[in-house]
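Take a look at the structure set out below.
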Protein chains: 2
Amino acid sequence: MARTQAPTQWLTPAQQHAWRSFLLGSTRLFDQLERDLRVEHDLSLAEYEMLVRLSEAPDRRLRMAELASSVSHSRSRVTHTISRLEASGLVARAACPTDRRGVIASLTDEGFARLVDAAPTHVDGVRRYLVDVGDPGDFEAAGRVFAATASRLDPQCASAELGVSRG
Amino acid sequence: MARTQAPTQWLTPAQQHAWRSFLLGSTRLFDQLERDLRVEHDLSLAEYEMLVRLSEAPDRRLRMAELASSVSHSRSRVTHTISRLEASGLVARAACPTDRRGVIASLTDEGFARLVDAAPTHVDGVRRYLVDVGDPGDFEAAGRVFAATASRLDPQCASAELGVSRG
DNA sequence: GAGCTGTTGTTGAACACTCAACCAACTGAG
DNA sequence: CTCAGTTGGTTGAGTGTTCAACAACAGCTC
């Protein structure tokens with residue numbers, strides 16, 4: 001069992017190039033999407049995502065924890081984000097009837113209207129900056145890669161830690 | 001010229017799925033890489049990236065603006081980040097001999113040592129969370145996609161704004 | 001139902017980033 | 001040379017996120 005730390009397996013030049021492209025591209029992408037939403041609709045990307053999730057939920061309401069896990073943000077972050085959205089009237093808080101700890105965030109009409117306004121800006125950006133810039137097959141491949149990453153890092157599935165660790 | 005706003009071209013279900021996978025996967029990926037570096041080496045990802053760029057530069061020194069553009073961060077952000085790194089002794093500032101406005105950031109020996117320590121943690125994470133979780137061909141495809149995004153959003157190349165805009 | 005244990009959501013302080021304003025220094029046209 | 005315009009870097013205020021601590025509740029065991 002006295003197995004020493006395995007030597008680091010560095011990235012191949014091709015892998016490193018791809019990794020750095022991703023780093024640079026995603027940095028610029030998020031920057032730009034964020035800026036577009038901020039300038040045109042006074043929303044951050046995180047706020048926009050919350051509005052989207054709420055709009056898709058039954059009755060346009062979701063519990064804080066569900067909201068948090070659906071976008072993989074910390075509960076604390078969701079609390080702060082929702083507080084801002086509540087302050088600007090886009091979201092309302094309500095008590096959860098079945099669990100007295102629970103808090104339900106619901107999209108107001110004003111929030112829905114804002115989302116309808118902002119969506120074209122956002123989708124347009126996603127298309128112009130990402131989806132439509134390269135080969136469609138490549139984009140789908142990227143989707144598969146990140147789906148794998150997402151499930152690899154799914155906090156629910158702690159087994160990933162054990163099964164596939166270093167070695 | 002009274003052409004009205006073109007109707008938004010929404011994402012297809014497949015595109016939307018890929019986009020959301022990317023959003024979720026990259027969120028978790030950056031979170032985890034950040035946490036690993038923070039916990040094991042008390043560095044943020046941004047700080048780590050700076051150290052990497054410096055370590056690769058001739059004489060391990062780079063001007064602030066070059067540093068900024070190589071990682072696509074704002075000059076202000078680079079100022080703040082380098083200030084922190086300087087405060088912890090990993091980087092030193094020096095005046096630029098050829099341009100009296102210029103400031104040169106250089107990696108200290110301590111900074112280099114810290115980077116050598118941290119690199120295995122980081123590369124290991126990149127492999128386990130991203131590079132090795134899916135099909136290698138898919139990963140290279142993702143690299144191409146984000147390279148395209150990066151150049152599409154390259155601040156140097158303002159022509160992109162004109163050539164490929166909405167229409 | 002008393003006592004654990006884990007979950008839910010909030011809080012406030014510390015930290016990181018953005019943005020606008022600013023000064024100093026370079027550049028090029030006249 | 002001079003002036004306008006641009007670039008390089010910093011600053012501080014405002015904003016957003018993290019982190020640890022906490023209170024309230026749920027679910028379980030005995």
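Within every chain, numbering begins at 1; the chains are lettered A, B, ... in the order of the sequence lines, protein sequences first and strands thereafter. None of the values given here were measured: they were computed from a predicted structure. All values below were derived from every heavy atom in this structure, side-chain atoms included, with hydrogens, water molecules and symmetry-related copies excluded.
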Specify the separation, in whole Å, of atom [atom1] of [X] and atom [atom2] of [N].
X	N	atom1	atom2	answer
B/D42	D/dT18	CG	C1'	14 Å
A/I82	D/dG16	CD1	C1'	14 Å
A/L85	D/dT17	CG	P	11 Å
A/E34	C/dC17	CD	C1'	11 Å

Where along nucleotides 7-16 of chain C does protein come under 4.0 Å, by heavy atom, of base (B) or sugar-phosphate alone (S), with - for untouched nucleotides? BBBBBB---S
From CA spacing to verdict: side chain to side chain donor-acceptor pair (under 3.5 Å), B/E40, B/T121: CA-CA 8 Å; B/E40 298 182 32; B/T121 296; 3.1 Å; yes
Tell me, please, which residues at least two apart from B/R60 pass side-chain hydrogen bond (donor to acceptor under 3.5 Å, both in side chains). none
If the condition is side-chain hydrogen bond (donor to acceptor under 3.5 Å, both in side chains), which residues does B/Q16 pass it with, not counting sequence neighbours? none
Distances under 3.5 Å only, N/O to N/O: pair up the protein atoms with those of nucleotides 1-4 of chain D.
none

Once salt bridge (Lys or Arg N to Asp or Glu O under 4.0 Å) is applied, do any residues pair with [X], and if so which ones, sequence neighbours excluded?
X	value
B/R127	B/D132
B/D117	none
A/R144	B/D138

Selection residues 21-78 of chain A - residue pairs positive for ring pair (Phe, Tyr, Trp, His ring centres under 6.0 Å), sequence neighbours left out: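 Those involving residues 21-78 of chain A are A/W19-A/F22, A/F22-A/F146, A/F22-B/F30, A/F22-B/F146, A/F30-B/F22, A/Y48-A/H122.
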Which residue pairs satisfy the side chain to side chain donor-acceptor pair (under 3.5 Å) criterion with at least one member in residues 96-108 of chain B, sequence neighbours excluded? B/D99-B/R101
